[in-house]
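Here is the structure we will look at, set down as structure tokens.
Within every chain, numbering begins at 1; the chains are lettered A, B, ... in the order of the sequence lines, protein sequences first and strands thereafter. Only heavy atoms go into these numbers, but all of them, side chains included; no hydrogens, no water, no symmetry mates. Keep in mind that what you see is a predicted model, and the values were worked out from it rather than measured.
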Amino acid sequence: MIDPRLLRDDPDRVRAAQAKRGLSDDVVDRALAADSARRQAIADFEAKRAEQKASGARVAKAQGEEKQALLAQVKELAAGVKEAEAARNAAEAEWDEAIRAIPNPAADEAPAGGEDDFVVLETIGTKPEFDFEPRDHVELGAMLGAFDLERGAKVSGSRFYFYTGIGARLHRALVNMAMDMAHANGFTEVVAPALVKSRAMEGTGFLGQAADDVYRIEGQDLYLVGTSEVPLAAYHSDEILDGAQLPLRYAAFSSCFRKEAGSHGKDTRGIFRVHWFDKVEMFVYTTVEESYAEHQRLLAWEKEFMDALELHYRVIDVAAGDLGTSAQRKFDCEAWIASQGRFRELTSTSNCTDFQSRRLDIRTRGESGTVNVATLNGTLCSTNRPMIALLETHQNEDGSVTVPQALRPYLGGLELIKPLA
RNA sequence: GGAGGCGUCGCCUAGUCCGGUCUAUGGCGCCCGCCUGCUAAGCGGGUUUGGGGCUACAACCCCAUCGAGGGUUCAAAUCCCUCCGCCUCCGCCA
């Protein structure tokens, strides 16, 4: 949720922000109208309520006939108060809905436009070259016995799989390495629930335009998270955080579930785009002022992880229209996928400034009163895509895969993953 | 799943039976001041959060806030209902 004061004081800035994302500014006018209607309704209710309270005090003191007369009088007031209260509630609901429909205004630095209007900030490493025809991760996985796609489909349906043998070990190695790096960088390790209430989902902005992608538990107010950003953002909801404790940095492991609605036929091969995967996510609470520098730090930690896997990748500055509801700016690390001949998103880090914290009511004490904190998130290690990138990047002609140095300690020193006999 | 208990403005706590100066008591902690070689003690004052009005975004005034939401009533921390959370016991279970 954006700052209501920004809307009131500088609506043109919000209009410009909508335009930068390629969105209509109708919501701005709607919210402005709702705001003044709401304030009018509040003033009306409060005036009536104050009158009722004053009269109530007189009734309490009065005796006998005088009391009876006052009672009759005050009864009428009560009806008016009730009406005014209902009107106020309706006006506040309308206002709430209107302002929540406005996404976080993008940073000035974020490129304008949509999905294809990103800016490449840097490219790291060199494109892997093979003097043989490289295999894709599905072929490699089959040769190594790393995952079982057929049985995944049999048991759970399309876009499901089992990690098996060396695949399961690699999965565990990636998670462990990521967690160790996070720990070394001062993060608090967390294992988070993958099932959350609607408040958490709504507060992080996933029940808006992204609602179609979310699994809901039938008959209950519970949702499967698509990222542990959701439980981590809600972790400190309704709290006033001690400023001396900031920044609060968490690295959380959880399973992630996505319906992938609207991506039928896209990336159907292998484990690239699936309904379930596991992920270690970084999440930070800090001040809005500090958030910009913290965002760069999150990006640096993501790069550290990519570097550890010895991947060729680039960093992009995601355009305003592709930021999602909550983000003010977003950087993606895209790794080279040999079989696809292009860069694909492996990690993503967003600065949500105070957008989520306003919805989730997370504050700290500022110079004058409380202020909403900034929340930031960043992928440290989603399991599947790094797995794909590393298998394809480090494959050899015989189908074996050379293990990146940094990962070896997590595989008992294993240097080369060999195909099954 | 069954039975019972509990939820008060940072923490603890009075108030709830019997609705009305509750405008929520007291203690601890914290903040400001006084006193004091310094510190402690002592003394005085302040200390929930959100919103609205007015404004310099101050001061001030007002409304809401006793786990949440409804209801009864002229009036609800207090009475009724629903839900949530925690604790104890029983049952079941990884």
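Salt bridge present: E290(A) and R297(A) bring a charged side-chain N and a carboxylate O closer than 4.0 Å.
Judged by a 6.0 Å distance limit and a 45° cone about the ring axis, R216(A) is not positioned over the six-membered ring of Y223(A).
Take the nearest nucleotide of RNA chain B for A78(A) and for D35(A): the residue whose nucleotide is more 5' is D35(A). Residue order along RNA chain B, read from the 5' end via each residue's closest nucleotide, puts V371(A) first among K197(A) and V371(A).
Checking side-chain atoms of D96(A) against main-chain N and O of E92(A) turns up no donor-acceptor pair under 3.5 Å. For the pair T370(A) (side chain) and T364(A) (backbone), a donor-acceptor distance under 3.5 Å is absent.
For the pair L241(A) CG and G10(B) P, the computed distance is 15 Å after rounding to whole Å. Computed from coordinates, the D238(A) CG to G10(B) P distance equals 14 Å when rounded to whole Å.
The aromatic ring centres of F257(A) and H275(A) sit 6.0 Å or more apart. Here F160(A) and F162(A) keep their ring centres 6.0 angstrom or further from each other. Between F272(A) and H137(A), the distance from one ring center to the other does not fall under 6.0 angstrom.
The closest side-chain donor-acceptor pair between Q18(A) and R15(A), if any, does not fall under 3.5 angstrom. Judged by distance alone, the side chains of Q356(A) and E229(A) do bring a donor and an acceptor atom under 3.5 Å apart. Looking only at atom types and distance, the side chain of D332(A) has no donor-acceptor partner in the side chain of Y313(A) under 3.5 Å away. A donor-acceptor contact closer than 3.5 angstrom is absent between the side chains of S228(A) and E281(A).
Applying the side chain to side chain donor-acceptor pair (under 3.5 Å) test to every pair with at least one member in residues 187-199 of chain A, sequence neighbours left out, gives these pairs: H183(A)-E189(A), S198(A)-D221(A), R199(A)-D238(A).
Taking side-chain N and O atoms only, R365(A) has a distance below 4.0 Å to OP1 or OP2 of U49(B). Phosphate proximity of G52(B) to R38(A): present, with a side-chain N or O under 4.0 Å from OP1 or OP2.
Atom name P, nucleotides U55(B) and U72(B): the rounded distance is 39 Å, in whole Å. When the C1' atom is used for both U49(B) and G10(B), the distance is 12 Å, rounded to whole Å. The P atoms of G44(B) and G26(B) are separated by 13 Å, rounded to the nearest whole Å. Taking atom P on both nucleotides, U39(B) is separated from A24(B) by 35 Å, rounded to a whole Å. Rounded to whole Å, the P atom of G7(B) lies 9 Å from the corresponding atom of A14(B). Rounded to the nearest Å, the gap between the P atom of U65(B) and that of G51(B) is 16 Å. With both ends at atom C1', the span from G45(B) to C35(B) equals 15 Å, rounded to whole Å. Separation of the C1' atoms belonging to C61(B) and C66(B) is 24 Å when rounded to the nearest angstrom.
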Distances under 3.5 Å only, N/O to N/O: pair up the protein atoms with those of nucleotides 59-70 of chain B.
residue: C63(B); atom: O2; partner: E46(A); partner atom: OE2; Å: 3.4
residue: A64(B); atom: OP1; partner: R49(A); partner atom: NE; Å: 2.3
residue: A64(B); atom: OP1; partner: R49(A); partner atom: NH2; Å: 2.8
residue: A64(B); atom: OP2; partner: K53(A); partner atom: NZ; Å: 2.8

Atom pairs, protein N/O to nucleotides 77-82 of chain B N/O, distance under 3.5 Å:
none

Provide a list of protein-nucleic acid N or O atom pairs under 3.5 angstrom, restricted to nucleotides 18-24 of chain B.
none

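Within a 6.0 Å sphere centred on CZ of R151(A), other residues, nucleotides and ligands contribute 12 heavy atoms or fewer. Atom CD of E122(A) has more than 12 neighbouring heavy atoms from other residues, nucleotides or ligands inside a 6.0 Å radius. The environment of CZ in R8(A) is crowded: more than 12 heavy-atom neighbours from other residues, nucleotides or ligands sit within 6.0 Å. In this structure, E109(A) places its CD atom where more than 12 heavy-atom neighbours from other residues, nucleotides or ligands lie under 6.0 Å away. Counted within 6.0 Å of CZ on R172(A), heavy atoms from surrounding residues, nucleotides or ligands total 12 or fewer; the atom is thus considered open.
Proximity of residues 2-10 of chain A to RNA chain B (heavy atom under 4.0 angstrom from any strand atom) is restricted to R8(A).
Secondary-structure stems of RNA chain B, taken as three or more successive Watson-Crick or G-U wobble pairs (i with j, i+1 with j-1) under a 3.5 Å distance threshold, comprise B:1-7 with B:84-90, B:10-12 with B:26-28, B:29-34 with B:42-47, B:49-53 with B:60-64, B:67-71 with B:79-83.
Closest approach to the Q52(A) side chain among U72(B), G51(B), C74(B) is made by C74(B) (side chain taken as heavy atoms from C-beta onward). Side-chain atoms of I240(A) lie closest to U49(B) of the nucleotides G53(B), G51(B), U49(B).
No engagement by K48(A) is indicated, since no non-hydrogen atom pair under 4.0 Å with the nucleic acid exists.
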